[in-house]
Amino acid sequence: MRLASHVKTNRLAMVGMIILWVFILGAVFAQLLMPHDPWRHFVPFMSPSVTHVLGTDDVGRDIFSELILGARVSLTVGFMAGLIAVGIGVLVGLLAGFRRGYLDEILMGLTDVVLVIPALPLVILVSVYLGPGIWYTILVIGLVFWPSTARVIRSQVLSVRQSGYVESARALGAGDGWLMRRHVLPNVLPLILAKFVLTVAAAMLMEASLSFLGLGDPMAKSWGMMLHYAFARGGFIREMWWWYVPPGVCISLCILSLTLISFSIEEGSDPRLRRALDR
Amino acid sequence: MILEVRHLSTHYLVRHNPLARFGHRDHLIRAVDDVSFAVTAGEVFGIIGESGSGKTTLARTMLRLCDSTAGDVLHRGRSVFAMNSSELKQYRHSVQPVFQDADSTLDPRQHVGAILEEPLLIHGIGDAATRRQYIGGMLEQINLSPSFLQRHPSELSGGQRQRVALARSLLLNPEVLIADEPTSGLDPLVTTQVLALMLRLKQDHGLTLILISHDLETVAYASDRIAVMYRGRIVELSGGEDFAQRASHPYTRFLLGVERRVPEIPVLEGVHEHIHGAEDGCAYANSCPHHLHVCHSISPELRETSQGHLIACHAIAPE
Amino acid sequence: MNAVLKVTDLHVYFDTSAGTVRANNGVSLQVREGESLGIMGESGCGKTVLFLSLLHLQQPGRIVRGSVVLDGRDITHLRESEMERLRGRVIALVPQNQATALNPAYIIRQQLTEALKIRHSGGSLHSLAGRQNTGSQSAESEFRRVFEDLGFEAGPVLDRLLRSYPHQLSGGMRQRVLIAMALLMKPRLLIADEPTTALDRAIKAQSLNTLQRLRGSLTMLVISHDVEAISAACDRVAIMYGGRVVESGACPEVLSQPHHPYTRLLLAAQRRRRGEPLQAVAAETLNLIDFPCGCPFHPACPEAMPVCAIETPPERCTDGAMVACHRFTGEAR
Amino acid sequence: MADVSNAAPVQRHEHPTAAIGSRAVRYLAALFVIVTLNFLLPRMMPGDPVMNIVGEEAYYGSGEVLDALRADLGLDEALHVQYGRYMTGLVTGDWGYSYLYLQPVRESITLHLRWTLALVLPSVVLAALLAALLGSIAAWKRSSRTDVGLSGAHLLIYSMPHYWLAMLLLFMFSFKLGWFPLGRATSAGASELPYLIDVGWHMFLPLLVVTAFKAAYDFLIVRNSVVSILGEDYVLMAQAKGLSGMAVLFRHALRNALAPLVTVTAIQFGMVLSGALLVEVVFSWPGMGTLIYDAIGARDYPLLQSAFLIIAICVLIANFIADVLYPYLDPRTR
C-alpha cells in the first residue's frame with residue numbers, strides 16, 4: 001500500500017510510531033517491567049531513590065510502578081473509546097453519504113446537534129451520575145466523540161461518489177456494492193485511520209481530564225488519576241515534581257505521537273494536500 | 001436506429017432555504033429541455049454546445065446516470081428508463097461514455113492495470129489470463145507500452161490519461177460511444193492525437209460515435225450530422241458535409257464567426273450565463289440580431305426547413 | 001526601433017525530487033516599442049515560466065544562464081525590493097484565469113484602488129494604508145477612463161460593477177476588470193497570459209475585441225496557443241517548443257507560411273479541414289527532465305533527419321525572421 | 001415507456017445562504033436536546049431520583065423529608081407533566097438550590113460565569129491575533145527554520161494537557177520564583193484601579209495557559225490555510241501588481257484565512273472553554289471550573305446540571321456569532 005510506504009518515508013511519523021510502540025509495549029508487558037507491586041504500601045512521600053526511582057505517593061505506593069500500570073489504563077481507555085466513537089462515526093457517515101435523502105438529513109441533523117454540545121461538561125455530568133468505572137468512562141467518551149468522524153466520512157463519501165471515476169464505473173455497469181468495495185472504501189479508509197488515531201488522542205485527553213477532576217476509577221489508576229492525586233493529596237504543594245511531571249510527560253508524548261501519525265496519514269492520503277505542501 | 005432520444009427533458013430544482021433569507025425562491029433549471037434526435041448505427045453524431053448548454057446533462061441522462069424529468073431514451077427501441085438492473089447492465093455494456101477531464105475519471109488509487117481490468121471484472125469477462133491478454137491488446141491499440149500498467153494516473157500526461165479512459169470504455173466492445181468533450185483541456189497536438197485515435201478505433205470497432213464538444217472545429221471535422229445546442233435545446237440540426245454553408249440559425253452563425261451578436265455583456269454572474277429560467281420564448285432572443293416580437297413570448301419549434309435540416313427559429317422561413 | 005524588452009539565451013531550471021526540470025532552455029527574443037509580440041506554444045513549452053521569470057516570480061525555479069534587459073537595463077539579477085518597484089508599474093500582467101485571479105474578499109473598487117495606490121506610491125503595507133495621492137474623485141475618473149478605453153460605458157452599470165465582489169461578476173466582466181487593473185498602472189509592457197482561454201465563444205470574441213483595441217497603443221506580450229488570438233492581437237510571433245523559441249517572424253508570414261515542422265503541425269491542428277486526414281504525432285509529450293539530445297522536437301518530428309538527434313539546431317535569422325531547424329540551416333529562408 | 005413525472009426533478013442543489021437558517025434550527029434542536037438530557041439524566045440514571053435531582057446532601061434528610069421532597073418535585077406524576085414543570089422552572093429562573101453554596105443555583109452560576117468569561121474571551125481574541133500573525137509568517141517561510149520551530153512549538157503545546165502545563169507554570173513562577181500569586185483572582189481589600197491591577201496580576205498565568213492552547217489550535221489552521229491560499233492565482237496576481245511581500249501576505253492571503261479561523265474558533269469554543277475550566281482548578285480561579293470541581297466533590301447535582309446547561313448555551317452563542325460573521329469574512333457565501 002502506498003500509504004504505508006508514505007508513513008515510512010515520513011520521519012516525524014516514524015518518530016511518532018516509535019514513541020507509541022514504546023508505550024504500547026510498556027502497557028502490554030507492565031507486569032514484567034514494574035519494579036514493585038503497585039498496590040503495595042511503602043513509606044509515604046519518599047523522594048526518588050535507587051529502590052524507588054520516582055519515590056512514593058501519599059499512601060506509600062511506588063510511583064514508577066504506577067506510571068507503568070497507568071499506561072495500560074490510559075491506552076486501553078483511549079483505544080477502546082476511539083474504537084467505539086469511530087465505529088459509530090463511520091457507520092453514520094457511510095450511511096448518510098451513501099444513502100442520501102431523508103436518512104442523510106436526519107443523521108446529519110443529529111450529528112450537528114451532538115457536535116455543538118460541549119463534550120467535557122456532558123461527560124462530567126454523566127460520569128457523576130454513573131459513578132466511577134473504567135467501562136463507563138470508555139462508553140461515555142465513545143458516545144460523545146463520534147460526530148466529527150461522521151461528518152468527515154460523509155463529506156469524503158459524497159466527494160468520492162460525485163467523482164468522475166465513480167461516475168465512470170457506474171457507466172461501466174457497476175452496482176452500489178461494487179462502487180462501495182472498489183472505490184468508496186479504499187478512498188475513505190485512510191481518512192478513517194487518521195480520524196481513529198486522532199480520536200484515540202482526544203479520548204486519552206478526555207479520560208485524563210475526567211480523572212484529574214476526581215471522576216476516575218480508583219481501581220484502574222491512569223496517568224490522569226496520578227495527576228489528580230498529586231494535585232489533591234499534597235504532591236503539588238510539597239513540590240514533589242517527580243510525582244506529577246512524569247505522568248504529564250507520558251500523556252503529552254502519547255498525544256504528540258498520535259498527532260504526528262495522523263498528520264502523516266492525512267497528508268499521504270490526499271495528493272492535493274501533498275501537492276500544496278510540496279510547493 | 002440504434003439510439004433515439006424523444007422529447008427528453010432534465011430539470012434541476014435549486015432550493016433556497018426559506019429561513020435563510022427572504023426574496024430567494026426555489027427555481028427550476030431546464031438543463032435539457034425537450035430534446036429529440038435519433039442516431040443511426042455507424043454514424044458520427046456531433047453535438048455542439050457551450051458551457052451551460054446542457055450537453056453534459058444530456059450525455060448523463062442518455063447514460064441513465066441521472067434521471068430524466070420527461071421524455072425517453074430508446075436503445076434499439078427499448079426504453080432505457082424502463083430497464084431493470086440486469087437490462088441496464090447490458091445497456092451499459094453496449095453504450096459507453098468517454099468523459100471530459102480524464103484526470104478525474106480515473107481513480108487516483110488504482111494503477112492503469114486495475115483501471116483497465118475493472119470493466120471486464122464488472123461484467124465477468126474471461127479469466128485472469130484472457131483479461132490480461134485483452135488489456136495487452138488494447139494497450140497496443142492506444143500506443144502505450146505494457147510498462148504503463150503499473151503506473152498511477154498522476155504519473156501520466158493528459159493525453160495518456162484520456163487514452164486510458166478511452167481504452168477502458170472500448171474494452172467492453174460497445175456499439176455506441178458517447179464522448180463528452182473528450183479533448184477539452186488538451187493541447188492542440190494532443191487533441192489531434194486523441195481525436196485521430198478515436199476516429200481510427202471507431203472504424204476498427206465499427207462503433208457509433210456521439211461526439212459532444214464546445215469546439216465547433218472538432219465536431220465539424222468528424223461528424224456526419226451535427227446538432228447545435230443552446231441553453232438546453234437543440235436550435236439547429238443538419239448534415240455535417242456542408243454544415244458551414246447551410247448553417248442558418250443566428251447562434252450557429254455566431255459560432256461560425258460569420259455573424260456578430262447583439263453585444264450583450266452581462267455584468268453580473270447569473271441569469272444570462274448559466275441559469276435558464278422557466279420563462280417562455282426563445283432563449284437566444286436577447287442576443288439575437290434578428291429577433292422578432294414573437295421570439296420573446298413563444299419558444300420556436302424545431303422544424304425541418306429543407307431535407308435533413310432542422311432549425312428552431314421564428315425568423316427563418318421554411319424553404 | 002529600440003527594444004523595450006530583450007531576452008537573451010535564458011535558461012530557467014527547477015529542481016524537483018524527480019530531477020532537474022529544464023523549463024527554459026535558451027530563450028532569446030525581443031519586443032520593440034509599441035509592438036505586440038505573440039508567444040505561441042503548448043503547455044510545457046516554457047511560455048509561462050518565461051513571463052514569470054521576467055517578473056522574478058518563477059520561484060522555486062532559478063535562472064541559470066542568460067539575461068533579461070528592460071529598456072536597456074539588465075534586470076536579470078535585480079534585488080526583490082527593486083523588482084517590487086518594477087512589477088505592475090513597468091511590467092503589468094493580465095493573468096490567464098479570470099475566475100481565480102481576483103481576491104474574493106474585496107470588492108472591485110478596492111482592488112482597482114490598490115492598483116492606483118501602487119502606481120502612485122508603492123506596494124508596501126505602509127503606503128497602501130495611506131489615503132494620499134488618490135483622491136476618490138480622481139480615482140473615479142481614472143476608473144471611468146480606463147473602462148471607456150475598453151469599450152465599456154460608464155454610468156450606473158459601472159458603479160454597480162465597482163461595488164461587486166468578483167464572484168458576482170460574469171466571466172467576461174472579470175476579465176475586463178483584470179485588463180483595466182493592468183492598464184491603471186500605465187505599464188511599459190503588458191503581458192497577457194492566454195487571454196482567450198474561455199469555453200464561451202461570446203467571452204472569447206469580447207477579449208479578442210479588447211486586444212485589438214489595445215494593439216498599437218501599448219507594448220504587449222501575448223501568450224497563447226490559439227492561432228485566432230495571436231493573429232488578431234500580434235505584429236510578430238514566436239513559436240516555443242521545449243523551452244526554446246523554434247521559429248519567429250512577422251505574424252502574417254509565420255502563420256501563413258510556417259517553416260518549422262512543429263509550427264506546421266501546431267497550425268494544422270487548429271485548422272482542420274473536413275476530408276483531409278489528421279496530422280497526428282505518434283510520440284508522447286516532451287519530458288522536460290530526460291531531455292532528448294539534439295533538437296527537442298525530433299522524437300515527434302515527421303521530417304526528422306539523423307542529424308536532428310545529435311545536434312541542437314542553430315537559430316538562423318533572415319530579415320527579422322528566425323527558424324531553428326536543421327532543414328533550414330543551409331539555405332536562406 | 002419510462003415513468004414520466006413532471007414534479008420529480010431528483011437533483012437538488014442547496015444554495016449557500018441556506019446555511020444560517022438551517023444552522024439556527026440546529027442550535028435550537030441542540031438546546032432542546034441539552035435541556036431534555038438534563039431532565040432525563042437524573043430520572044434515568046442509577047440511584048434515587050430525589051437525590052439525583054436535589055444532590056446527595058439530601059441523603060442526610062430522614063425518610064419523611066425525602067418523601068416530602070419527592071412529592072414537592074412531582075416525581076410521582078407522569079413524565080410529561082414533570083417535563084412541563086421542569087421547563088417552566090428553567091424559563092422562570094428556578095434552577096434549583098445548591099446545598100454546597102447554600103444559595104439558589106442561578107446565583108452561584110452568574111457569579112462564577114463572569115470570572116470564566118473574563119478568562120476565556122480575552123484569551124480567544126489574543127490567541128486569534130497571535131495565531132494569525134505567527135501562522136502567516138510560518139506559512140510565508142514554509143519549510144524554513146522559523147516554520148519548523150513555530151510548528152514544533154505549537155504541536156508540543158497542543159499535545160499537553162492544559163492543567164498539567166498550568167501546574168508546571170504555577171510551580172515555576174509562583175512556587176519557585178514567586179513572581180505571581182499562588183491562586184485565586186484577587187487579594188483582599190483593594191478597589192478600583194489597584195483592584196484591576198491586582199486581578200491582572202492574578203490573571204496573568206491562567207490567561208497565558210488558555211491563550212497558548214487556543215493559539216496552538218489556531219496556529220495550525222491559519223498556517224495551513226495560508227499555505228494553500230499562497231498557491232492561489234490572486235496571490236500571484238497581487239505579487240505581479242508590485243505589492244511587497246508583507247502586503248501580499250497580510251492584505252491578500254491572511255484576509256482569506258480569517259473565515260476558516262472564525263469557523264474553527266466556533267467549533268472549538270467548547271473545547272477551549274472546557275480547557276479553561278481545568279486550568280481554573282489549578283489556579284483556584286473562582287470561575288465555573290472551580291465551581292464544577294467543588295460540586296463534583298460534594299455531588300451537588302443541581303449545580304452540575306446548570307453548569308452544563310450554561311456552558312452549552314455559551315457554546316451555542318459562540319457558534320451562532322460565527323455563523324453571522326462568516327458571510328462578512330467570506331463574501332462568496334453571501
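Proteins get letters first, then strands, A, B, ... in listed order; numbering begins at 1 in each.
- Chain C is approached within less than 4.5 Å, heavy atom to heavy atom, by no residue from residues 257-269 of chain D.
- Within the 4.5 angstrom heavy-atom criterion, only side-chain atoms of C:Met181, from C-beta onward, approach chain D.
- Nearest approach of D:Arg251 to C:Glu114, heavy atoms of both residues: NE-OE2, 2.9 Å.
- When D:Leu236, D:Asp233, D:Val248 are compared by the number of non-hydrogen pairs under 4.5 Å with chain C, D:Asp233 comes out ahead.
- Rounding to the nearest 0.5 Å gives a distance of 12.5 Å between CE of D:Met237 and CG of C:Asn97.
- For a residue to count as touching a neighbouring chain, one of its non-hydrogen atoms must lie under 4.5 Å from one of that chain's; by this rule C:Ile118 touches chain D with the side chain only.
- Rounding to the nearest 0.5 Å places NE2 of D:His252 at 10.0 Å from CG of C:Leu102.
- Contact of C:Ile91 with chain D is made through the backbone alone, with heavy-atom distances under 4.5 Å.
- Using a 4.5 Å heavy-atom threshold, the side chains of C:Gln59 and D:Gln239 count as separate.
- Within the structure, salt bridge (Lys or Arg N to Asp or Glu O under 4.0 Å) contacts touching residues 119-137 of chain D (residues at least two apart or in different chains) do not occur.
- Note on C:Ala115, C:Ala182, C:Pro187, C:Ser124: by heavy-atom pairs under 4.5 Å with chain D, the leading option is C:Ser124.
- Residue D:Leu249: no heavy atom, backbone or side chain, is found under 4.5 Å from chain C.
- Among all heavy-atom pairs drawn from D:Pro331 and C:Tyr165, the shortest one is CG-CE2, 3.3 Å.
- Residues D:Asn256 and C:Pro104 approach most closely at OD1-CG, 3.5 Å, considering heavy atoms.
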